J.: 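To start, I am sharing the structure in question, which I have written as structure tokens.
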Protein chains: 2
Amino acid sequence: MLDTMPSSSSSSTTARGRPPRKTATLADTTASGDHSPDADQGLDTRYLESLLGYNARRAALSIIAVFLRRMAPFDLRPVDFSVLTLVAHNPGATSRQICAALDILPPNLVGLVRKLEVRGLVQRKPHPTDRRAQGLHLSAAGKRLQRSAQAEATTLEQDVASALSREEHDQLKGLLRKVYLHTPAPDIGSDPG
Amino acid sequence: MLDTMPSSSSSSTTARGRPPRKTATLADTTASGDHSPDADQGLDTRYLESLLGYNARRAALSIIAVFLRRMAPFDLRPVDFSVLTLVAHNPGATSRQICAALDILPPNLVGLVRKLEVRGLVQRKPHPTDRRAQGLHLSAAGKRLQRSAQAEATTLEQDVASALSREEHDQLKGLLRKVYLHTPAPDIGSDPG
DNA sequence: TATTGTTATACTCTATAACTATA
DNA sequence: TATAGTTATAGAGTATAACAATA
């Protein structure tokens with residue numbers, strides 16, 4: 001849901017990556033021309049940086065950029081990895097469950113699963129009790145790939161958080177979880193339009 | 001860059017919102033048809049939740065969902081708000097600078113600015129020294145709207161972080177910033193094809 | 001030759017409506 | 001009537017190539 005890359009692998013020399021270096025100096029304002037010296041092109045982004053959403057978005061994009069590169073050899077984008085991992089840890093899970101867990105809409109999952117199935121990584125088996133549903137399972141190849149990818153993700157995690165101490169790392173994840181688990185749900189349907 | 005909403009306003013009764021309730025109970029494995037009671041649909045997402053990227057993405061999406069709703073009355077999506085705010089705080093800024101600050105590609109900014117211009121919120125004036133560039137400025141209406149929107153964003157910020165103490169809030173932003181400022185840049189071009 | 005702003009365009013992601021087959 | 005999976009499709013978001021004007 002946060003992806004942004006050509007599906008093909010081939011370690012892109014093109015991909016966006018580096019967040020713009022911000023060194024806070026106002027643009028040559030029409031009148032007031034008093035800013036920090038080291039601002040080749042930097043704008044004053046201080047207000048935006050005071051917003052959680054802005055920072056979360058920037059952090060997520062940075063991490064994803066790294067993720068995309070490192071997962072390219074597996075030809076897995078974030079969602080693919082998430083689906084694969086979820087199925088690995090929850091054999092027999094249904095599409096419906098995957099959608100709920102990852103906040104993906106059913107129609108958008110269809111294609112994802114189909115690709116994984118075509119690649120021989122995922123298999124569908126009839127659900128034991130509900131004939132409408134299908135249980136998702138990993139093939140042997142799927143299990144191998146998922147294991148490798150998860151190992152890579154774990155390594156990647158350390159690199160991404162290399163600027164953080166172990167404690168900060170845990171704390172950051174905890175705080176993020178707090179935010180998205182508690183965030184005042186958009187009151188779906190509360191609008192007496 | 002992280003948006004996801006129809007441009008039209010009208011407080012959506014449809015928008016995605018609530019992150020899936022996760023109550024960690026394995027899916028009914030191939031054989032065992034024994035679901036925990038409170039696991040209507042919950043999958044084991046523990047590994048994904050151990051990843052910073054996953055948590056950052058989820059948090060960002062949650063916040064943006066709220067943002068979209070609250071900014072709907074102003075007909076501003078996150079990027080629009082960012083551009084407007086950047087111009088407000090940096091009168092005379094050029095498209096190039098906006099792009100650098102927000103990590104937007106120039107071709108994609110054109111349409112955004114044009115819309116804001118058509119709405120009478122933004123004006124372009126010739127750059128004082130560079131005849132190629134154009135300085136962006138807010139009209140009176142633009143300033144008013146930006147002020148209102150920024151006030152709303154500030155209020156929103158408090159709601160979003162309502163689960164956090166003041167200290168946690170600051171800490172979270174600091175940690176996120178640390179991550180995306182330090183994240184090992186994807187070494188563009190480091191790949192000896 | 002490099003850069004600003006731009007057009008055109010392709011590809012991906014996200015969302016809705018509507019259908020089927022089961023429940 | 002409601003739900004699981006699906007199709008088709010519309011709409012944002014994101015990316016590249018290429019051009020004119022200027023530096």
Side-chain angles (χ1 to χ4, degrees), chain A residues 1-8 10 12-17 27 40-41 57 60-61 64-65 68 77-80 82-83 92-100 102-115 117 122 124-136 188, chain B residues 1-8 10 12-17 27-28 40-41 57 60-61 64-65 68 75-80 82-83 92-100 102-115 117 124-136 188:
Chain A
M1 314 174 66
L2 211 78
D3 313 50
T4 301
M5 280 287 274
S7 49
S8 52
S10 76
S12 54
T13 310
T14 343
R16 325 286 310 291
D40 298 284
Q41 39 140 5
R57 161 184 164 275
L61 289 176
I64 288 173
L68 287 167
R77 280 155 312 149
V79 204
D80 302 316
S82 294
V83 171
T94 67
S95 290
R96 172 75 181 67
Q97 288 176 310
I98 303 287
C99 284
L102 297 179
D103 205 13
I104 295 175
L105 292 173
N108 297 331
L109 182 65
V110 175
L112 295 175
V113 171
R114 179 150 44 208
K115 279 182 193 168
E117 196 180 13
V122 164
R124 302 187 224 198
K125 300 181 183 176
H127 188 99
T129 64
D130 191 335
R131 271 187 304 174
R132 293 172 304 179
Q134 301 171 24
L136 298 176
I188 295 181
Chain B
M1 314 175 67
L2 212 79
D3 315 48
T4 301
M5 279 289 275
S7 49
S8 53
S10 77
S12 55
T13 310
T14 343
R16 326 285 310 290
D28 52 323
D40 298 285
Q41 37 141 2
R57 161 183 164 275
L61 290 176
I64 287 172
L68 287 166
D75 196 14
L76 293 178
R77 280 155 311 148
V79 203
D80 302 316
S82 295
V83 171
T94 67
S95 290
R96 173 76 182 67
Q97 288 177 309
I98 303 286
C99 284
L102 296 178
D103 205 14
I104 295 175
L105 293 172
N108 298 330
L109 183 65
V110 176
L112 295 176
V113 171
R114 180 151 43 210
K115 278 182 194 168
E117 197 180 12
R124 302 188 224 199
K125 300 180 182 176
H127 187 98
T129 65
D130 190 335
R131 273 186 302 173
R132 292 172 305 180
Q134 300 172 25
L136 298 176
I188 296 182

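Model, not experiment: these values are computed from the prediction.
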J.: For Q97(B) and G92(B), work out which heavy atoms get closest and say how close.
T.: OE1-O, 4.5 Å
J.: Polar-atom pairs under 3.5 Å, protein N or O versus N or O of nucleotides 19-21 of chain C: list them with distances, or write none.
T.:
none

J.: Could you say whether R131(A) or P107(A) is positioned toward the 5' end of DNA chain C, judged by the nucleotide with the nearest heavy atom to each?
T.: P107(A)
J.: Output the rounded distance in Å from CG (L105(A)) to C1' (dA8(D)).
T.: 15 Å
J.: Within this structure, what is the CD1-to-P distance between I64(B) and dA12(D), rounded to whole angstrom?
T.: 16 Å
J.: Between D103(B) (CG) and dG13(D) (P), how many Å, whole number?
T.: 15 Å
J.: Specify the separation, in whole Å, of atom CG of L109(B) and atom C1' of dT6(C).
T.: 11 Å
J.: Which residues satisfy the side-chain contact (heavy atoms from CB on, under 4.5 Å) test with R114(A), sequence neighbours excluded?
T.: V110(A), V118(A), R124(A)
J.: Over how many whole Å does the gap from L112(A) atom CG to dG5(D) atom C1' extend?
T.: 14 Å
J.: My understanding is that only residues two or more places apart in sequence, or in another chain, count here; which of them pass side-chain hydrogen bond (donor to acceptor under 3.5 Å, both in side chains) with D130(B)?
T.: R132(B)
J.: What is the separation between atom CD1 on I104(B) and atom P on dA12(D), rounded to the nearest whole Å?
T.: 17 Å
J.: Is R124(B) near enough to dT6(C) that one of its side-chain N or O atoms lies under 4.0 angstrom from OP1 or OP2?
T.: yes
J.: Does any N or O donor sit under 3.5 Å from an N or O acceptor when you compare the side chain of N108(A) with the base of dA15(C)?
T.: yes
J.: Just wondering, do D103(B) and L61(A) contact through their side chains at under 4.5 Å, heavy atoms?
T.: no
J.: What's the closest nucleotide to the R96(B) side chain, out of dT6(D), dT22(C), dT4(C)?
T.: dT4(C)
J.: Taking side-chain hydrogen bond (donor to acceptor under 3.5 Å, both in side chains) as the definition, give me every residue that meets it alongside R131(A), ordered by chain and number, with sequence neighbours left out.
T.: none
J.: What integer distance in Å separates R77(B):CZ from dC13(C):P?
T.: 19 Å
J.: Any idea which heavy atoms bring L109(A) and S95(A) closest together, and the distance?
T.: CD2-O, 3.5 Å
J.: Considering non-hydrogen atoms only, spot the tightest contact between L102(B) and R57(A) and give its length.
T.: O-NH2, 3.4 Å
J.: Hey, which sits more toward the 5' end of DNA chain D by its nearest nucleotide, A133(A) or R114(A)?
T.: A133(A)
J.: L76(B) CG to dA12(D) P: how many Å, rounded?
T.: 15 Å
